[in-house]
A.B. asks: 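The following block contains the structure, expressed as structure tokens.
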Amino acid sequence: MTLNDLMNVPYLDYGRDENGADCWGWLRLVRHHHHGLPLLKSFGTVDPDDKAGMTNAYHQLLNNYVETKPMDGAIACHLIGDTLVHVGVVVNENGLKVAQTGRKVGRPWLSRLSDFERMSLITRYYIEHEYVSGLPQQARSQ
């Protein structure tokens with residue numbers, strides 16, 4: 001499944017597959033299919049409107065990640081204070097962009113980093129410890 005294919009996945013609350021995905025579900029699909037990385041934990045029972053639940057899930061993952069500059073495959077997080085409100089994933093498509101989806105638009109879209117960062121007062125990027133110097137070639141080519 002290519003990034004072009006993934007751009008056709010409609011937004012769906014609690015969605016975790018090609019039939020529909022919320023922002024976390026879509027991030028998982030892009031990192032798995034486009035970047036060749038293992039699927040992240042589903043958190044399929046977390047309501048996209050439950051920001052406390054999203055934040056709890058976010059904190060469960062942080063031990064395996066380091067904060068980084070924007071880089072291909074990094075998870076892009078919007079926060080209000082310490083509360084997670086939205087996620088996307090960095091892709092290298094004619095330069096770094098954030099791939100994201102949302103209920104309001106109803107489908108995925110790509111944003112320039114500066115546009116994504118303007119959407120929130122706090123934006124943080126995270127990558128797995130082992131990929132802090134970049135995704136391995138075999139992961140990028142899958």
A.B. asks: Can you pull out every ring-ring contact (aromatic ring centres under 6.0 Å, His included) where at least one residue sits in residues 45-83? Sequence neighbours excluded, please.
C.D. replies: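 ring-ring contact (aromatic ring centres under 6.0 Å, His included) check on residues 45-83 returns Tyr58-Tyr126, His78-His86, His78-Phe116.
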
A.B. asks: With the side chain counted from C-beta on, respond yes when Cys23 and Gln100 share a heavy-atom pair under 4.5 Å apart, and no when they do not.
C.D. replies: no

A.B. asks: State which residues pass side chain to side chain contact (heavy atoms under 4.5 Å, CB included) with Met71; sequence neighbours excluded, sorted by chain then number.
C.D. replies: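 Met71: side chain to side chain contact (heavy atoms under 4.5 Å, CB included) contacts with Thr68, Ala74, Ile127.
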
A.B. asks: Output the rest of the hydrophobic cluster of Tyr11: all Ile, Leu, Val, Met, Phe, Trp and Tyr residues reachable through side-chain heavy-atom contacts under 4.5 Å, sorted by chain and number.
C.D. replies: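 Traced through the cluster, Tyr11 reaches no other member.
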
A.B. asks: Between the main-chain N or O of Leu84 and the side-chain N or O of Thr55, is there a donor-acceptor pair closer than 3.5 Å?
C.D. replies: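 Yes: the side chain of Thr55 pairs with the backbone of Leu84.
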
A.B. asks: May I ask you to test the Leu40-Ile75 pair for a side-chain heavy-atom distance under 4.5 Å?
C.D. replies: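 Answer yes - side chains close enough.
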
A.B. asks: Scan residues 36-61 for pairs that pass salt bridge (Lys or Arg N to Asp or Glu O under 4.0 Å), counting only residues two or more places apart or in two chains.
C.D. replies: Asp49-Arg103

A.B. asks: Run the side chain to side chain contact (heavy atoms under 4.5 Å, CB included) test against Ala99 and tell me which residues pass, sequence neighbours left out.
C.D. replies: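 Here the qualifying residues are Trp26, Val89, Val91, Leu110.
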
A.B. asks: Going by side-chain heavy atoms closer than 4.5 Å, which hydrophobic residues are tied to Leu12, directly or by a chain of links?
C.D. replies: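 For Leu12, no cluster forms, as it stays isolated from other hydrophobic side chains.
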
A.B. asks: What closest approach, in Å, do Val87 and Cys77 show between heavy atoms, and which atom pair accounts for it?
C.D. replies: CG1-SG, 4.1 Å

A.B. asks: Is there a side-chain contact between Leu113 and Val98 (heavy atoms, below 4.5 Å)?
C.D. replies: yes

A.B. asks: Counting C-beta onward and ignoring hydrogens, is there a side-chain heavy-atom pair between Glu128 and Val66 closer than 4.5 Å?
C.D. replies: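 No; the side chains remain at least 4.5 Å from each other.
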
A.B. asks: Please report the interatomic distance CG(Asp5) to NE2(His34), rounded to the nearest 0.5 Å.
C.D. replies: 12.0 Å

